[in-house]
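Values reported hereafter were calculated over all heavy atoms of this structure, with side chains retained and with hydrogens, waters and symmetry mates removed.
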Amino acid sequence: MTTVFLTLLPLLALALDLLWGDPARLPHPVRGLGLLADRLEVWGRRLMPGGLFFWGGLSTLILAGGAAALAHDLSRLPWVGWLVALYLAWSGLALRGLLDSGRAVAHLLEKGDLPGARVALSGLVSRETAHLDADGVRRALAETVSENLNDAFVAPFFWLCLLGPGGLWFHKTVSTLDSMWGYRDERHERLGKFPARLDDLLAYIPARITALVMILTGAVMDLDWRAAKARVAADAGKSESPNAGWPMSAAAWLCGARVGGPAIYFGAEKDKPWIGPEGGFWDADKLETLFQLCLLTAALTALFLFLGLGLLRLFL
């Protein structure tokens, strides 16, 4: 596989994602990782019930390292390696899926189908949605879409540009394990602590890139980028996650509506800090602005990362 193809691979994968979204009808690596993670959890609870932190760390390194090595080797197979690389890159990005899912929830609200919107939202968030009113659904939707702009697109695209399919799938595996095990409850605390912290590390730079480019994009869209620039760092620091608060804060200030607040997770209420301008509420127009903001941010981020990281391959 040529260096030129590897350089162009991120942009080709993004084009496929925007055209067709997730390759849902083909075998998806994340599904395989999920099945393996479920089996490893069963084995760990049976074999090492007192050593789940060690088991979670070992499982994370084996799965992520194995996924990265397999992606790297398959991408270099004779004749078909370029096709495998393209598929692995495409299936590791989820920008269109994120935006389509977000717009589906917003559309249900516009039709007045609050129960349907709650059900659709429940597929995107870990919080409980059955009790949410329309404002709560919009706020939770804005929060998850802005946060996942980094998790679903910017971070995997960053690692794809930097290290190719192997780097993308190392990150994607860690992110998958974090989403499955990284809850701060009695069942998952020890098992998921290592992948959660490693995911924080891998997403640290991409999260800040996401917020920065969102502010630049906000200036292009004539949003309140000055307020976002002044407040994003302070509000990001309110989040218990070292990364999630950055794109959420940028989105909240640019769109003029708050995220955060009380939420119910696994039957227990959690009082999350408010992020964004006081008194700002989400409506249909602000949600559509958010979707457009995320799409244009992704396009500009892809361009910047491609120029900054992808073209670097040509000189190494």
Side-chain angles (χ1 to χ4, degrees), residues 98-99 101-102 105-106 109 114 117-118 120-152 154-155 175 178-179 182-185 196 199-200 203-204 206-208 210-215 217-218 223-291 293-294 297:
L98 173 66
L99 296 179
S101 297
V105 176
L109 284 177
L114 179 58
R118 289 167 173 164
L121 178 65
S122 68
L124 301 176
V125 299
S126 55
R127 72 181 70 192
E128 296 179 14
T129 63
H131 67 287
L132 294 177
D133 59 12
D135 179 64
V137 170
R138 291 189 185 95
R139 188 172 67 250
L141 178 61
E143 184 174 322
T144 194
V145 168
S146 56
E147 176 184 356
N148 280 292
L149 176 60
N150 180 53
D151 295 337
V154 177
S175 179
D178 176 39
S179 67
Y183 299 105
R184 294 185 177 180
D185 56 25
D199 184 63
D200 288 342
Y204 187 89
R208 286 145 182 83
T210 305
L212 174 60
V213 181
M214 287 179 85
I215 294 171
T217 304
L223 303 177
D224 194 358
W225 66 272
R226 291 181 177 84
K229 178 184 175 184
R231 299 299 300 272
V232 64
D235 266 15
K238 297 178 183 178
S239 175
E240 66 180 20
S241 166
N243 300 321
W246 286 86
M248 287 194 303
S249 176
W253 283 101
L254 288 168
C255 296
R258 294 196 299 177
V259 296
I264 299 176
Y265 294 87
F266 308 106
E269 183 168 320
K270 184 175 183 179
D271 192 16
K272 300 171 68 174
W274 290 103
I275 292 175
E278 185 174 354
F281 293 93
W282 292 94
D283 56 24
D285 290 339
K286 289 181 179 179
L287 284 177
E288 182 56 34
T289 297
L290 174 63
F291 299 143
L293 173 67
C294 289
T297 295

Problem - Exam field: side chain Trp253 to backbone Trp225, donor-acceptor pair closer than 3.5 Å - result: no
Completion exercise
What one should report as the nearest heavy-atom pair of Ala207 and Trp246 is O-CB, 3.8 Å
Problem - Student check: side-chain heavy atoms of Asn243 and Arg208 closer than 4.5 Å - result: yes
Practice task
Give a yes or no on whether Phe266 atom CZ has more than 12 heavy-atom contacts from other residues, nucleotides or ligands under 6.0 Å away.
Solution key: yes
Handout entry: Expected output: side-chain Thr210 to main-chain Pro206 donor-acceptor under 3.5 Å
Key = yes
Handout entry: Candidate pair Asp135 and Arg138, rule salt bridge (Lys or Arg N to Asp or Glu O under 4.0 Å), full reasoning
Key = CA-CA 5 Å; Asp135 179 64; Arg138 291 189 185 95; 5.6 Å; no
Handout entry: Note: Lys238-Asp235 ion pair, threshold 4.0 Å (strictly below)
Key = yes
Exercise for the section: Indicate yes or no: at least one non-hydrogen side-chain atom of Leu109 is less than 4.5 angstrom from one of Leu114. Expected result: yes
Exercise for the section: Assess whether atom NZ of Lys229 is packed by more than 12 heavy atoms of other residues, nucleotides or ligands within 6.0 Å. Expected result: no
Completion exercise
On a heavy-atom basis, the closest approach of Ser249 and Arg231 is OG-O, 3.9 Å
Exercise for the section: Give a yes or no answer on whether the side chain of Arg258 reaches the backbone of Ala252 with a donor-acceptor pair at less than 3.5 Å. Expected result: no
Problem - Heavy-atom check, side chain of Leu287 versus side chain of Phe291, under 4.5 Å - result: yes
Practice task
Using side-chain contact (heavy atoms from CB on, under 4.5 Å) as the criterion, list what pairs up with Asp178, not counting sequence neighbours.
Solution key: Ala196, Asp199
Problem - Heavy-atom check, side chain of Leu121 versus side chain of Leu132, under 4.5 Å - result: yes
Handout entry: Separation of Leu212 CG from Thr217 OG1 (nearest 0.5 Å)
Key = 9.0 Å
Exercise for the section: Determine whether Trp282 and Glu143 make a side-chain contact, defined as any pair of heavy atoms from C-beta on separated by less than 4.5 Å. Expected result: no
Exercise for the section: Using atom types as modelled and distance alone, determine if a side-chain donor or acceptor of Asn148 lies under 3.5 Å from a backbone N or O of Asp151. Expected result: no
Problem - Considering all heavy atoms, the nearest Leu293-Ala251 contact - result: CD2-CA, 4.4 Å
Practice task
Calculate, to the nearest 0.5 Å, the distance between atoms CE and CG belonging to Met248 and Asn150 respectively.
Solution key: 11.0 Å
Fill in the blank from the handout: Minimal heavy-atom distance between Pro247 and Ser146, with the atoms involved, is CB-O, 3.2 Å
Practice task
State, yes or no, whether a side-chain contact exists between Val232 and Met214 at a heavy-atom distance under 4.5 Å.
Solution key: no
Practice task
Kindly give the heavy-atom pair with the smallest separation between Ser122 and Thr129, and that separation in Å.
Solution key: CB-OG1, 3.6 Å
Handout entry: Residue pair Gly267 / Glu128: nearest heavy atoms and the distance that separates them
Key = N-OE2, 2.6 Å
